[in-house]
Amino acid sequence: MKSSAISVGRATSPWLSRILDRTGTSRRSLTISRCVCLSSAASTRTKPVSPASSSRLGSFTKDQSATGSRTKAIEDLVVPVTVSAPVSSSDGTDISVDFADRIDKGDIAMVLTEFCRRPETRTLSQEHGINHKLFMDAFRSFRTYCLSAGAQLEPELQVIFSDMLKGGGQSTDIFPYFLQHARKVFPHLDCLDDLRSISDLTRPYLWYPEARAIQRKIIFHAGPTNSGKTYKALQRYYEAKSGIYCGPLKLLANEVFHKSNFNNVPCDLVTGEERRYAVDNENPSSHLSATVEMLSTSMRVEVAIIDEIQMLRDPQRGHAWTRALLGVAADEVHVCGELAAIPIVKELVEPLGESVEVNIYDRISPLEVMNHGIGTLEKIEKGDCIVCFSKKSIYTVSRQLEKLGIKAAVIYGDLPPGTKLAQAAKFNNPDDDTDVLVATDAIGMGINLSIKRVIFYSLDKVVELPTGERTMGEVPTHQALQIAGRAGRFGTEYEQGRVTTRLQKDIGKLKEILERPVEAIQTVGIAPSFEQLEMFAYHLPNASLSNLLDIFASLCSIDSTKFFMCTIEQTKALADLIEHVKLPLKVRYTFCLAPVTYDSPIIAANFVKFARKFSTGQPLTFSWLNDNLGWPPKTPETLSELIALEQTYEVLDIYLWLGIRFQDMFLDMEVVREMQRELDRMIEVGITNINELIRRSEGGAFVQTPDSDVLKKESRSVPKSVVDDQAAKLAFSKRRGKRKSVVSEAMASGLLSQEQLDAIKEELRREMLADSSSNKDT
Ligand SMILES: Nc1ncnc2c1ncn2[C@@H]1O[C@H](COP(=O)(O)OP(=O)(O)OP(=O)(O)O)[C@@H](O)[C@H]1O
Ligand SMILES: [Mg+2]
């Protein structure tokens, strides 16, 4: 192996030293050979976990405080239930009428004001979990109830009021009735202990009985990108009698599916939207390639691979890797990923009595960080990949290259897989005149690319915080390494990679970022199961799903030395969108887990329509979709039309995703797949002619999109949304605070045209009219 000016991710880098120090592994053992096996049994240093270290989510976990995540206290989350006064019985036998007739409402109000003022009342309330805020809400409700109940007020309470007005009794006599009422207004008061016990996430190991019945062997393949980690794990997968591959992206799951079948190891495929079989569904294969969220922890296999294990740290999707690591029922679990994940993986499996064998790999081919930025696009060479962090930059670069007579392939996260692969194939083909690639960080994982040099167009990107806020920041080191590592991939035309920046002024910063130690992962994601939420809903029947999620996050206890609660922003946003659609909880929750880009008005509007249609009990058919989507589409001639096609593709993805889960309701899966293929072809034509489309759109605003889209489709980490629908508007206005109207933002940025907006308004108006008339009918 040739040496490089600066090695990225080499086993001797300072950040590796820190990790090794943490795991107690000697560096010497690493320099002896490329692949060293370390047993965790002797070397793992784990943090003691005492009961005191389990904390309520109300306080920050380490990772969350770093990213600004907040969790509200339960009293800020619970919504008071309206308790109506009893309706008067009409048979005239009410024995309390006499009392009621004699008590004046003004007198009752006076007694209640005294009750409210007494310090004993507040002390008693505190003792029963009713703090100041809850007390005021409950008291207001109790007062209204007492004053409006009249003759229907409980006779005992009437007697107490009457006695007090005569100078007898004590105001604390009212307390039991107030407490009873407060518990109706705030049902959680009655079951707080139950709720706390349901939301105890401190021992996730216990959730996977199948895995616990096996003494698993964990093998960690660790190293930088392009070091052969996945390759090595796949060798064991092919040899095994049965296996499961869990990957971060559909494209990677597809690649393993094809490779495995190519290697004569029959393998099936399961992703959120697709199931494919080596034979057929009556004859499942013993090997399965899946996206990590689709892992069934009851599936027993000999070998499991959990790829890109460092995704444990992901604020949105991390819980899927945690679940896979703790729950996969395999004799051998091969985890592949960054060295930064070694200590936490050891700590997570240590309580299970499972040890970790660590195999550390070096990059197969060298990667050099250059000393100069390229300065101008005129210095672009064949095999270059310019990495941008926004679609807007992609368009700019693509146009500039065109002016220089350079033909470029284009890849970004919103493109369908067929278009991505077709663009990659053009770029990879030495005989094609497409010499350069312009891409977002969507290329960070999953696509085989023959890149000689990665050029960072800029080093700043929009980072989304778990709170949903967006901020500009430097690309984090681990992401920069992942992107840079795409240059010089083993087995491609260019086995020696180089990495640089567009601007000379950025090169020093790039070196600094790449050399910066990658912090060992401290905490990993965790999330509630549906069963836990269902039990919450049983206790809090009046709470909306979004509210249940908030209360869960507020009450749950986790071991914050190892875990953080994954962000629930996306699920909550979708729950708000469909809050007023009548659906059973399980259906509602499943809908809200769908990968929906809810900041696109078109996509959000279609999502709401899917839910509405579902709630009528009528299946969602091709002809219904056809009416909604205006099928057939036409080849895009402008950027807006291209974007509209990408959005339609995503709407169909949502259909397929839901269709896999509700087979009786989404009847035209195969037709929809064909629709997607058609769209994929048209989008590909659009991308091939992207400069023409940009030229036609010039004068109009470029499209602004979230800048980091490597995992956008799968991650559900996309921000806010709106449709011009009452429920959606309300939900959205709650979430956006002071930001400008999303409709005007979407229109200003070109995501939504006036015609599309008018069409959405009209369609939803018609649907709401139809809904209200059908409600009247029933
Ligand atoms: N021993 C080997 N023999 C042949 N090809 C190999 C070998 N090791 C790796 N490769 C090939 O090199 C390329 C990079 O390997 P692989 O994908 O396993 O790297 P990785 O460390 O998992 O990278 P990443 O972090 O990007 O996932 C792949 O195309 C793989 O097939
Ligand atoms: Mg890999």
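Counting starts at 1 for both ligands and their atoms, following the listed order.
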Return the closest protein heavy atom for [atom] as residue, atom name and distance.
atom                    : answer
atom 25 (O) of ligand 1 : K229 NZ, 2.9 Å
atom 14 (C) of ligand 1 : N226 OD1, 3.3 Å
atom 5 (N) of ligand 1  : F490 CE2, 3.3 Å

Counting each atom of ligand 1 from 1 as listed, which ones have a heavy atom of [X] under 4.0 Å away?
X    : value
G228 : 8 (N), 9 (C), 15 (O), 16 (P), 18 (O), 19 (O), 20 (P), 21 (O)
P224 : 21 (O)
T230 : 18 (O), 22 (O), 27 (O)
S227 : 19 (O), 20 (P), 21 (O)

Among side-chain atoms of [X] and [Y], is any donor-acceptor pair under 3.5 angstrom?
X    : Y    : result
N359 : K229 : no
S458 : D460 : no
D362 : S227 : no
S393 : T396 : no

### Query
From the Mg ion (ligand 2) out to just under 2.8 Å, does an N/O/S atom of T230 turn up?
yes
### Task
Look at the side chain of N261 and the backbone N and O of F257, then say whether any donor-acceptor pair between them is shorter than 3.5 Å.
yes
Short N-O contact, [X] and [Y], less than 4.0 angstrom:
X    : Y    : answer
E474 : R516 : yes
R489 : E495 : no
D414 : K420 : no
D384 : K379 : no

#### Entry: Check against side-chain hydrogen bond (donor to acceptor under 3.5 Å, both in side chains), Y412 and E646
CA-CA 11 Å; Y412 51 84; E646 289 166 13; 2.4 Å; yes
### Query
Which of parallel (below 30°), tilted (30 to 60°) and perpendicular (above 60°) describes F456 and F389?
tilted
Tell me, please: is [X] in heavy-atom contact with ligand 1, that is, under 4.0 Å?
X    : result
H221 : no
E308 : yes
G337 : no
C336 : no

When you look for heavy atoms under 4.0 Å from ligand 1, do you find them on the side chain of [X], its backbone, both, or neither?
X    : result
R486 : side chain
I364 : side chain
R489 : side chain

Does any N/O atom on [X] come nearer than 3.5 Å to any N/O atom on ligand 1?
X    : result
N448 : no
Y231 : yes
K232 : no

#### Entry: Nearest heavy atoms of I214 and A329, plus distance in Å
CD1-C, 3.6 Å
### Query
Is atom 28 (C) of ligand 1 close to the protein, meaning a heavy atom under 4.0 Å from it?
no
